[in-house]
Trainee: 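Input: one structure, supplied below.
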Number of protein chains: 2
Amino acid sequence: MKEPNSPDSPLAELCRQRGLKLTGQRRTIAFVLSDSDDHPDVEELYRRAVEVDPRISIATVYRTVRLFEENGILQRRDFGGGRARYEVADGDQGDHYHLIDADSGRVIEFENTELDSLLAGIVRQMGYDLVTTRLSVVGRPKAKGGTRD
Amino acid sequence: MKEPNSPDSPLAELCRQRGLKLTGQRRTIAFVLSDSDDHPDVEELYRRAVEVDPRISIATVYRTVRLFEENGILQRRDFGGGRARYEVADGDQGDHYHLIDADSGRVIEFENTELDSLLAGIVRQMGYDLVTTRLSVVGRPKAKGGTRD
DNA sequence: TTGCAAATGATAATCTTTCTCATTATTGGG
DNA sequence: CCCAATAATGAGAAAGATTATCATTTGCAA
């Protein structure tokens with residue numbers, strides 16, 4: 001038996017719940033992801049994972065990220081720039097969306113229930129059930145007195 | 001001299017209006033694009049262009065598509081599948097959005113002014129001016145009476 | 001028509017992601 | 001606790017999409 005004093009990250013728990021074999025590398029990647037609140041690409045994820053476990057390979061990061069996506073643990077995003085980026089999948093509550101700062105490239109998350117239901121309504125009216133929404137808006141900061149980097 | 005009875009496509013006209021050099025290849029690609037009402041990728045565009053002018057190179061299609069995008073003539077889209085897809089940019093009126101059929105992968109365009117203004121409002125409230133909206137929803141056809149395989 | 005700058009074609013190079021395969025690690029059963 | 005079956009990993013090759021290179025050709029203004 002294993003005592004519960006090796007505190008697995010929330011995502012590692014999820015990994016186990018889905019019946020996925022919990023290897024050291026997956027534990028590491030799950031930890032790194034649980035620890036991130038941004039939208040890293042694989043290269044960045046690999047950098048962070050190596051900090052925790054230097055013997056990890058980038059091939060494993062690619063494999064794991066794909067596995068997690070297929071199991072609903074991660075969501076893949078495309079913000080341009082040619083590389084896929086990842087974030088922890090939302091729970092059962094409302095989706096969230098992304099505003100991309102046109103100047104800095106920074107990604108800002110937002111939620112909006114009115115938007116949720118409007119989209120669901122539009123899709124329903126077209127004869128479909130909504131499965132996924134991919135929405136990112138690009139915006140330029142309103143010049144309002146101060147400057148912004 | 002050339003008489004004005006070789007009717008350039010609308011996109012070729014636009015190309016000229018932007019001060020871009022109007023080469024034979026660009027004329028061909030512009031024609032093919034004006035003739036398309038779907039969302040072809042570069043490979044598909046190349047296939048269609050070769051039908052019109054067999055001496056065109058795929059490198060030129062890549063270059064032209066990028067040039068047109070930089071000049072606001074085309075919009076690049078990502079519907080998954082690893083290849084960029086292109087469509088003629090909207091005029092000054094409302095954007096349009098995309099519903100992707102989860103079963104067939106077909107892309108269905110739609111417009112919605114309520115959505116337009118809701119998005120603009122949200123973005124404004126966050127301190128930004130809306131530049132671009134990238135929205136595609138994935139939906140599954142509602143089973144309505146009959147069975148579905 | 002002529003010349004020059006820019007575009008093109010063919011292909012090499014680059015970049016991201018997936019695949020291959022020999023080696024290693026995990027997990028369940030004795 | 002140990003073993004074997006089985007799946008995961010590492011390293012690098014391979015694939016797929018896109019961009020860069022460079023010699024040659026072409027559009028366009030004078």
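Below, chain A is the first sequence line, B the second, and so on; all start at residue 1.
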Trainee: B/Leu20 has an atom CG; how far is it from atom P of C/dT8, in whole Å?
Mentor: 11 Å
Trainee: Mind calculating the distance between CG (A/Leu45) and P (C/dT17) to the nearest angstrom?
Mentor: 12 Å
Trainee: Whole angstroms only, please: what is the CZ-P distance between A/Arg26 and C/dT24?
Mentor: 19 Å
Trainee: Round to the nearest Å and state the distance from A/Tyr46 atom OH to C/dT16 atom C1'.
Mentor: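 That distance rounds to 15 Å.
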Trainee: Got a sec? Which of residues 75-89 of chain A come in under 4.0 Å of DNA chain C, heavy atoms?
Mentor: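 Nucleic-acid contacts, sorted: A/Gly82, A/Arg83, A/Ala84.
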Trainee: Strictly distance-based, threshold 3.5 Å: is any side-chain N or O of A/Arg77 a donor or acceptor partner for the main-chain N or O of A/His39?
Mentor: no
Trainee: C/dG9 phosphate, OP1 or OP2: any side-chain N/O from B/Gln25 under 4.0 angstrom?
Mentor: yes
Trainee: Quick one: which residue pairs count as a salt bridge (Lys or Arg N to Asp or Glu O under 4.0 Å) with a foot in residues 105-131 of chain B, not counting sequence neighbours?
Mentor: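 Residue pairs with at least one partner in residues 105-131 of chain B: there are none.
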Trainee: Please report the distance, rounded to the nearest Å, between CG in B/Leu22 and P in C/dA6.
Mentor: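 Between P of C/dA6 and CG of B/Leu22: 17 Å.
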Trainee: I want to confirm an ordering. Mapping B/Thr23 and B/Glu43 to their closest nucleotides on DNA chain D, which one lands closer to the 5' end?
Mentor: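 Nearer the 5' end of the strand: B/Glu43.
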Trainee: Please report the interatomic distance NE2(B/His98) to CZ(B/Arg85), rounded to the nearest 0.5 Å.
Mentor: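 Output value for this atom pair is 9.0 Å.
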Trainee: Tell me, please, the opening and closing nucleotides of DNA chain D, 5' to 3', among those with an atom under 4.0 angstrom from a non-hydrogen atom of chain B.
Mentor: D/dA17 to D/dC28
Trainee: Over how many whole Å does the gap from B/Lys21 atom NZ to C/dC4 atom P extend?
Mentor: 14 Å
Trainee: Check step by step if side chain to side chain contact (heavy atoms under 4.5 Å, CB included) holds for B/Thr28 and B/Thr23.
Mentor: CA-CA 9 Å; B/Thr28 297; B/Thr23 66; over 6 Å; no
Trainee: Specify the separation, in whole Å, of atom CG of A/Asp53 and atom P of C/dT24.
Mentor: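 After rounding, the reported distance stands at 16 Å.
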Trainee: What verdict does the salt bridge (Lys or Arg N to Asp or Glu O under 4.0 Å) test give for A/Arg134 and B/Asp78, after you've listed the backbone C-alpha separation in whole Å, the side-chain angles of each residue and the deciding distance to 0.1 Å?
Mentor: CA-CA 10 Å; A/Arg134 287 196 295 246; B/Asp78 169 57; 5.7 Å; no
Trainee: How long is the span from the CG atom in B/Leu118 to the CG atom in A/Asn112, to the nearest 0.5 Å?
Mentor: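 Answer rounded to 0.5 Å: 5.5 Å.
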Trainee: Suppose we screen for salt bridge (Lys or Arg N to Asp or Glu O under 4.0 Å). Which residues come up paired with B/Glu44, at least two apart in sequence or across chains?
Mentor: B/Arg47, B/Arg48
Trainee: At a heavy-atom distance below 4.0 Å, what parts of residues 56-71 of chain A sit against DNA chain D?
Mentor: A/Ile56, A/Ser57, A/Ala59, A/Thr60, A/Arg63
Trainee: Between the opening five pairs and the closing five pairs of the helix from C/dT1-D/dA30 to C/dG30-D/dC1, how far apart are the helix axes, to 10°?
Mentor: 30°
